[in-house]
Protein chains: 2
Amino acid sequence: MPGGDVFLAIASPVRRALLDTLRQGPAPVRDLAADFSISRPAVSQHLRVLRLADLVSESQVGREHQYRLNPEPLQDVRAWVTSYERFWKERLIGLRDLLDSGR
Amino acid sequence: MPGGDVFLAIASPVRRALLDTLRQGPAPVRDLAADFSISRPAVSQHLRVLRLADLVSESQVGREHQYRLNPEPLQDVRAWVTSYERFWKERLIGLRDLLDSGR
DNA sequence: TTGACAGGTAAGACATTACTTACCTATAGT
DNA sequence: ACTATAGGTAAGTAATGTCTTACCTGTCAA
């Protein structure tokens, strides 16, 4: 479960797209790979990164490996980004004041 | 201004630390580099990535180059992460129900 | 004007990533 | 038992990222 960096995991557009797809529910690798132009092994390797970051969990069902979204680690990202919220709000207020003063 | 990927820009711990430092206000490269064990050119290169992602702006003041935090692009990250919020909330509710049922 | 300071850029070393194809095991269906 | 399906892993390669040192320009201060 640990070992992977969430920020690094979501840095790749492919991996973000994989997570986006998994929001519709668990899916086997075959289905996930179908959406991409890259090879299935490449998808497997991206899934491995997501697994190490604990963003997905895997469980074998028959000969399929179901991947399931585990969004919890994204809270770390959310917490970090949110800590910047007051800065962009202040900038927007500053902009509003600037516009007001120019009327 | 454009060209850089925000998700990629914040993937590096060094760059996140740079942004964190800039929350205390604009700072010249010298001050930013002082906090890190890496060389000043390395910091310059990280700042370049942040500039391309429009996460910082640069302005020359005398012989110093002031870097200023521009948090707006982080809203893209926030929006993406927030779209997962209901998923982890649902999982927490599921956990709560499970715990309730075990009482 | 000469020297110290601030900082960007170039070039190269080295590590890491992201792909590919080839191969392997396990399961399902006939 | 045989064949097809599902998917992980290995090995190799190409592309990127991240440092370093060396060098350059521009600015301030004596």
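We name chains A, B, ... by the order of the sequence lines, and we start the count at 1 in each one. Every heavy atom of this structure was used, including side-chain atoms; hydrogens, water molecules and symmetry mates were not.
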Any donor-acceptor pair, under 3.5 Å, between the side chain of A:Arg40 and the base of D:dG8, if you only look at N and O atoms?
yes
Mind checking what makes side-chain contact (heavy atoms from CB on, under 4.5 Å) contact with B:Ser59, not counting sequence neighbours?
B:Val61, B:Gln66
Just how far, in rounded Å, is C1' of C:dA18 from NE2 of A:His46?
6 Å
How far does CG of A:Leu50 sit from OG of A:Ser57, to the nearest 0.5 angstrom?
11.5 Å
Expressed as a whole number of angstroms, how long is the span from B:Ile38:CD1 to C:dC14:P?
19 Å
Expressed in angstrom and rounded to an integer, what is the separation of A:Leu52 atom CG from C:dA18 atom P?
13 Å
Atom NE2 of A:His65 and atom P of C:dA28: how far apart are they, to the nearest Å?
11 Å
So does B:Glu58 pair up with B:Arg68, basic N to acidic O under 4.0 Å?
no
From the set D:dG8, C:dT27, C:dT20, return the single nucleotide nearest to any side-chain atom of A:Glu58.
D:dG8
When you measure only distances, ignoring hydrogens and angles, does the side chain of B:Gln45 come within 3.5 Å of the base of D:dT20 through a donor and an acceptor?
yes
How many whole angstroms separate atom CZ of A:Arg48 from atom C1' of D:dG8?
10 Å
Residue-level proximity of residues 6-34 of chain B to DNA chain D when a heavy atom falls under 4.0 Å
B:Arg15
Side-chain donor/acceptor contact of A:Arg63 with base of C:dG29 under 3.5 Å:
no
Output every pair passing side-chain hydrogen bond (donor to acceptor under 3.5 Å, both in side chains) with a member in residues 27-41 of chain B, not counting sequence neighbours, ordered by first then second residue.
B:Arg30-B:Glu64
For B:Arg23, is the CZ atom crowded, meaning more than 12 foreign heavy atoms sit under 6.0 Å from it?
yes
Examine C:dG7: is either OP1 or OP2 under 4.0 Å from a nitrogen or oxygen in the side chain of B:Ser44? Give yes or no.
no
Which whole-number value in Å describes the distance from B:Gln60 CD to D:dT27 C1'?
8 Å
Can a side chain N or O of A:Tyr67 be found less than 4.0 Å away from OP1 or OP2 on D:dA6?
no
